[in-house]
Amino acid sequence: METQDEYANPSKLIIAFMDSFNEPLCLLNEDGNIIMNEQAHKMKDSGFDFQNHSKKCKVGSSVVTHKGKKYNLVKKDINHGTNSFLCTLK
């Protein structure tokens with residue numbers, strides 16, 4: 001089972017993999033721990049609350065608005081039983 005420290009200090013391999021995507025994405029668990037790629041951090045710096053929107057979104061897809069622009073937030077269950085999700089913003 002993952003620990004708080006794994007989210008605070010994710011491996012360089014996970015970060016490199018996540019940064020290879022050209023869209024904002026994050027890994028999120030039900031405890032509110034989150035790991036974001038560089039694009040998601042940029043959205044966060046512009047005021048987008050990735051963690052809050054991702055927690056509210058059910059598995060599937062929903063539309064969220066940020067600074068007058070609509071985005072499609074897609075939330076997928078990574079593996080049943082881990083209570084972890086992959087969220088992408090398109």
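What's counted below: heavy atoms across the whole structure, side chains too, no hydrogens, waters or symmetry copies. Since the model is a prediction, treat every value here as computed from it, not as a measurement.
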How about K12 and I14: do any of their side-chain heavy atoms sit closer than 4.5 Å? no
Main-chain N/O of K58 paired with K75 side-chain donor or acceptor, under 3.5 Å: no
Validation row: L86, L27 side chains within 4.5 angstrom (heavy atoms): yes
Roughly how far, to the nearest 0.5 Å, is OG of S84 from CG of D77? 8.0 Å
According to salt bridge (charged side-chain N to carboxylate O under 4.0 Å, His left out), who are the partners of K42, at least two apart in sequence or on a separate chain? E38
N22 atom CG, neighbour heavy-atom count above 12 within 6.0 Å: no
Check: S20 side chain, F17 main-chain N or O, donor-acceptor pair, under 3.5 Å: yes
Using side-chain heavy atoms (C-beta onward) and a distance below 4.5 Å, is S54 in contact with C26? yes
How many angstroms lie between atom CE of M36 and atom SG of C87, to the nearest 0.5 angstrom? 11.5 Å
Counterpart residues, side-chain hydrogen bond (donor to acceptor under 3.5 Å, both in side chains), relative to Q39 (two or more places apart): N37
Whether K44 engages the ring of F50 as a cation-pi pair (distance to the six-membered ring centre under 6.0 angstrom, angle to the ring normal within 45°) should be assessed. no
Kindly indicate whether the side chain of L89, heavy atoms from C-beta on, has any atom under 4.5 Å from the side chain of F48. yes
L73 with Y71, same ILVMFWY side-chain cluster at under 4.5 Å: yes
Applying a strict under-4.5 Å side-chain criterion to I, L, V, M, F, W and Y, I'd like to know whether F21 and V74 cluster together. no
Would you indicate whether the side-chain heavy atoms of N83 and N29 approach each other to under 4.5 Å? no
Donor-acceptor contacts, no H, no angles, side chain residues 59-67, under 3.5 Å, sequence neighbours left out:
{"from": "S61", "atom 1": "OG", "to": "N72", "atom 2": "OD1", "distance (Å)": "2.4"}
{"from": "S61", "atom 1": "OG", "to": "N72", "atom 2": "ND2", "distance (Å)": "3.3"}
{"from": "H66", "atom 1": "NE2", "to": "S46", "atom 2": "OG", "distance (Å)": "3.2"}
{"from": "K67", "atom 1": "NZ", "to": "S46", "atom 2": "O", "distance (Å)": "3.0"}

Minimal non-hydrogen separation, L25 against M18, with atom names: CD1-CE, 3.6 Å
